[in-house]
Amino acid sequence: MQQFFPFLGGWTWWIIAGLLLLAELVLPGVFFIWLALAGAVIGALDIFLDLSWQIEIALFAALTVLFVLFVRPRFKLPGGAANNLNQRMYGYVGRSYALDEAIVNGRGKVRIDDTLWVVTGADRGKGEWVRVKAVDGACLVVEPVNGPN
């Protein structure tokens, strides 16, 4: 293994950065990109400075931690969309729908697209309009409104 380390040079780090970028494309999650960025920085530094392999690996680890902890939080999607990925019910908040089943004892159903969603709120009759104001687990919390908006 130690025979491999002396061959770590600027181009090796660029290749590692490229492989990490490919990993980011194959395994989405916005994480490998920060490792790739750290590898690219080490590759750039290695072109201008004669760094030992131990320092290169230590810098790679330090830059990775730095990028993940301090740079990554600045690149979140607007509106918290990253937190709602695969949770489409959060996209219904603020929208109005007609009740598909009356809300009785605080529970009813509303049809959104091709899915029936359980809703909770004040008792209302079938066909009356409600607005989704929050999400509680798998239920939509609704409030009465006069009509579609």
For this session: Quick one: pull up CE in M89 and OG1 in T115 and give me the separation to the nearest 0.5 Å.
Result: 11.0 Å
Exercise. Hey, what do you get for CG (N146) to CZ (R131), rounding to the nearest 0.5 Å?
Worked result: 9.0 Å
For this session: Flag the pair W117 / Y97 as yes when their ring centroid distance falls below 6.0 Å, and as no otherwise.
Result: no
Exercise. Would the number of heavy atoms belonging to other residues, nucleotides or ligands and lying under 6.0 Å from CG of D136 be above 12?
Worked result: no
For this session: Measure across G127 and A98 and return the closest heavy-atom pair with its distance rounded to 0.1 Å.
Result: O-CB, 3.8 Å
Seminar exercise, completed: Taking every heavy atom of A17 against every heavy atom of A40, the minimum-distance pair comes out as CB-N, 3.7 Å
Exercise. Measuring from L45:CG to D50:CG, what's the distance to the nearest 0.5 Å?
Worked result: 12.5 Å
For this session: Kindly determine whether V110 and V142 satisfy side-chain contact (heavy atoms from CB on, under 4.5 Å), including the steps that lead there.
Result: CA-CA 10 Å; V110 67; V142 296; 5.7 Å; no
Problem set entry | Spatial distance of atom CD1 (I15) from atom CG (L20) [nearest 0.5 Å] | 12.0 Å
Exercise. Taking the inter-plane angle between the rings of W13 and F60 on a 0 to 90° scale, is it parallel (under 30°), tilted (30 to 60°) or perpendicular (over 60°)?
Worked result: tilted
Exercise. Checking D100 side chain against L116 main chain: does a donor-acceptor pair fall under 3.5 Å?
Worked result: no
Problem set entry | Any L35 side-chain heavy atom under 4.5 Å of F67 side chain | no
Problem set entry | Approximate separation, where rounding is to 0.5 Å, of F32 CZ and L27 CG | 5.5 Å
Problem set entry | Non-hydrogen atoms of L63 and A38 that approach each other most closely | CB-CB, 3.8 Å
For this session: Rounded to the nearest 0.5 Å, what's the gap from NZ on K126 to CD on E101? Could you check?
Result: 7.5 Å
Exercise. Between W14 and I47, is any pair of side-chain heavy atoms under 4.5 Å apart?
Worked result: yes
Exercise. Is the shortest heavy-atom distance from the side chain of V132 to the side chain of Y90 under 4.5 Å?
Worked result: no
Problem set entry | Side chain E24, main chain I33, donor-acceptor under 3.5 Å | yes
Problem set entry | R107 atom CZ: more than 12 heavy-atom contacts under 6.0 Å | no
Problem set entry | Non-hydrogen side-chain atoms of E56 and I42 separated by less than 4.5 Å | yes
Exercise. Are V119 and V104 connected, step by step, through hydrophobic side chains (Ile, Leu, Val, Met, Phe, Trp, Tyr) whose heavy atoms are closer than 4.5 Å?
Worked result: no
